[in-house]
Protein chains: 2
Amino acid sequence: MNTKEKIFDVSLELFSKKGYDSVSLREIAEEVGIKKSSIYSHYSSKEAILMDIFDYLTNLFEYDEMLNSKDLDLNANNEILLQNPEKFYHKGSEAMKEMFSQEKNLKIWKLLFIQMHHNEVIRKFFQDEILAKPIMFWEEFFTILKENNIIRQECNPKLLAKEYYSFPIYLILEICVEYEDIPQSSLEDFFNQAEEHANFLLDCVKVN
Amino acid sequence: MNTKEKIFDVSLELFSKKGYDSVSLREIAEEVGIKKSSIYSHYSSKEAILMDIFDYLTNLFEYDEMLNSKDLDLNANNEILLQNPEKFYHKGSEAMKEMFSQEKNLKIWKLLFIQMHHNEVIRKFFQDEILAKPIMFWEEFFTILKENNIIRQECNPKLLAKEYYSFPIYLILEICVEYEDIPQSSLEDFFNQAEEHANFLLDCVKVN
DNA sequence: GTCTATAGCGGGATAGAC
DNA sequence: GTCTATCCCGCTATAGAC
């Protein structure tokens, strides 16, 4: 691993634990094993490191979207929906699990939680990618379930979207507040709770 | 209003917008209308201001708990529960609404959200008072409803507690991310959504 | 690319006149 | 209590030797 990659990794690690402001270049350099001025051979400024990490996040999200677009394009999967509603029914909870399957992802979430108030670009990203877009997806999801009479007609898809999504967000917040390094046991517990939530909510609203 | 109170108010305002680290004494002093060194006639350090604000929060929470203890002592209200289950049934949603009835309270939430990663004392407070204790309350709430056969026997009170509480937490997060100053219209929307959520969840689990 | 040395700045905090 | 002046410190960033 070259020095620039080390700087990147160490910075992500420290920023996600303490926040951008509280981490000094000296601290990063020490952890990497160089002097702080050497950082400027790789990055033009401290802010540039943060933005490099942020670009990485952005790409990661776009990559995930690309991967998922096949399975989660709700319109394209209408046939599956009509032929095998039960299978489609739990696609949501699987997607949610996948979202947090990597510890790295949770580290990124924590960084976003800590950093969004400081940096306008990151705040906007959080607002759009973490809050708004997922809610839109779930709303569409429940709308289709409703249209196809899989869930009860008195259900409000917009409400259900938030019912569905607020739970994992709460779990993430819980984890981020509780741990500096997220233990594996906590992740498994997280999955189980998310799964239980998905089953509960879907059972509540489905026809029959 | 005396100078110390001004410093307090200005600091709460600025800290909740930008976070403790990003606010300088110079900035606070300018807003108050004095020089930064004069702050030390009222507070021994910058940290002392934050801790003064934090003490205020702590008292506010204790005061709320005292006020609510009469109505929300679940054991003491068992009679009401048995005589008039419907009334008790919605006590929860009312308590939830009350929790955010003041704009000041939301400002405090925002401060906690921003600041909890920086300061260990505040992190602990957030973890206990904002996350753990309310969940314990709701778990007890749903346990009693279950014992008295008001909600279905297959319900898991611990899960329901999080189902119930994660929704308003999500709403608060949404508001904190979206606004510097929280507009009245957004607060009303908040109440309506919280109410809709409470009705939805309680309808889902009640017997009949 | 990495180092030492240092500039330049802004932060929190203190001393002492008024 | 408020001011001006100043101190000390740690920060980001730069210059220049190797």
Side-chain angles (χ1 to χ4, degrees), chain A residues 1-57 111 114-123 180, chain B residues 1-57 110-112 114-123 180:
Chain A
M1 193 189 291
N2 65 34
T3 305
K4 183 162 185 172
E5 285 169 345
K6 274 188 199 163
I7 295 171
F8 182 96
D9 283 355
V10 166
S11 299
L12 173 57
E13 181 77 18
L14 292 176
F15 288 166
S16 74
K17 275 188 188 169
K18 308 166 64 179
Y20 176 79
D21 284 321
S22 303
V23 176
S24 70
L25 289 178
R26 176 177 284 113
E27 218 173 335
I28 295 170
E30 251 169 38
E31 195 70 27
V32 172
I34 55 175
K35 295 297 173 183
K36 61 174 180 166
S37 60
S38 301
I39 291 175
Y40 289 90
S41 300
H42 305 280
Y43 287 101
S44 65
S45 71
K46 185 187 177 186
E47 191 82 11
I49 304 176
L50 182 63
M51 285 304 111
D52 196 22
I53 292 175
F54 181 69
D55 285 346
Y56 167 78
L57 305 196
L111 178 65
I114 294 182
Q115 214 45 46
M116 65 176 165
H117 301 283
H118 173 81
N119 184 300
E120 183 59 23
V121 178
I122 296 181
R123 211 203 92 253
E180 287 214 336
Chain B
M1 194 190 292
N2 66 33
T3 306
K4 184 163 186 172
E5 285 169 343
K6 273 188 200 164
I7 294 171
F8 183 97
D9 285 353
V10 167
S11 299
L12 172 57
E13 181 77 17
L14 291 176
F15 289 166
S16 74
K17 276 188 187 170
K18 307 167 65 179
Y20 176 80
D21 285 320
S22 304
V23 177
S24 69
L25 289 178
R26 180 175 282 113
E27 216 173 336
I28 295 170
E30 251 169 38
E31 196 68 28
V32 172
I34 55 175
K35 296 295 173 184
K36 64 171 180 169
S37 62
S38 301
I39 291 176
Y40 290 90
S41 300
H42 305 279
Y43 287 102
S44 64
S45 69
K46 186 187 177 186
E47 191 82 11
I49 304 175
L50 182 62
M51 286 303 111
D52 196 22
I53 292 175
F54 180 69
D55 285 347
Y56 167 77
L57 304 197
K110 191 170 179 185
L111 177 65
L112 289 172
I114 293 183
Q115 213 45 46
M116 64 178 165
H117 302 283
H118 172 82
N119 186 298
E120 183 59 23
V121 178
I122 296 181
R123 209 203 93 256
E180 288 214 335

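Quick caveat: nothing in here was measured; it's all calculated off a predicted structure. Lettering follows sequence order; numbering is per chain, from 1.
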Under 4.0 Å between any heavy atoms, over every strand shown, what does B/Ser37 touch: base, sugar-phosphate, or nothing? Just pick one.
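Base, at least one base atom sits under 4.0 Å.
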Quick one: label A/Thr3 by what it contacts on the DNA or RNA (base, sugar-phosphate, nothing), any heavy atom closer than 4.0 Å.
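Contact class for A/Thr3: sugar-phosphate only.
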With heavy atoms of chain A within less than 4.0 Å as the criterion, where does contact along DNA chain D begin and end?
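For DNA chain D, the relevant span reads D/dC11 to D/dT14.
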[atom1] of [X] versus [atom2] of [N]: gap in Å, rounded?
X       : N      : atom1 : atom2 : result
B/Ile7  : C/dA13 : CD1   : P     : 13 Å
B/Glu47 : C/dG12 : CD    : P     : 11 Å
B/Tyr40 : C/dG11 : OH    : P     : 12 Å

Please report the closest heavy-atom contact between A/Val10 and A/Ile28, naming both atoms and the distance.
CG1-O, 3.9 Å
Which heavy-atom pair separates A/Asp21 from B/Ser22 by the least distance, and what is that distance?
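Here A/Asp21 and B/Ser22 meet closest at OD2-OG, 3.5 Å.
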Which residues in residues 23-35 of chain B have a heavy atom closer than 4.0 Å to any atom of DNA chain D?
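Heavy-atom contacts with DNA chain D come from B/Ile34, B/Lys35.
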Carefully, step by step, assess A/Lys17 and A/Glu13 under the rule salt bridge (charged side-chain N to carboxylate O under 4.0 Å, His left out).
CA-CA 6 Å; A/Lys17 275 188 188 169; A/Glu13 181 77 18; 3.4 Å; yes
What ring-ring contact (aromatic ring centres under 6.0 Å, His included) pairs are there with at least one residue in residues 2-28 of chain B, not counting sequence neighbours?
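Only B/Phe8-B/Tyr56, B/Phe15-B/Tyr20, B/Tyr20-B/His118 qualify under ring-ring contact (aromatic ring centres under 6.0 Å, His included).
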List the residues meeting side chain to side chain donor-acceptor pair (under 3.5 Å) with A/Asp9, not counting sequence neighbours, and say none if there are none.
none
Residues at least two apart in sequence or cross-chain that pass side chain to side chain donor-acceptor pair (under 3.5 Å) with A/Lys18, listed by chain then number, are A/Glu27
The reported gap from CD1 in A/Ile53 to OG in A/Ser16 (rounded to nearest 0.5 angstrom) is 8.5 Å
Pairs in or reaching into residues 31-41 of chain B: which pass side chain to side chain donor-acceptor pair (under 3.5 Å), with residues at least two apart or in two chains?
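Residue pairs passing side chain to side chain donor-acceptor pair (under 3.5 Å), neighbours aside: none found.
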May I ask you to verify whether the side chain of B/Lys36 and the base of C/dG12 hold a donor-acceptor pair under 3.5 Å?
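Result: at least one qualifying N/O pair found.
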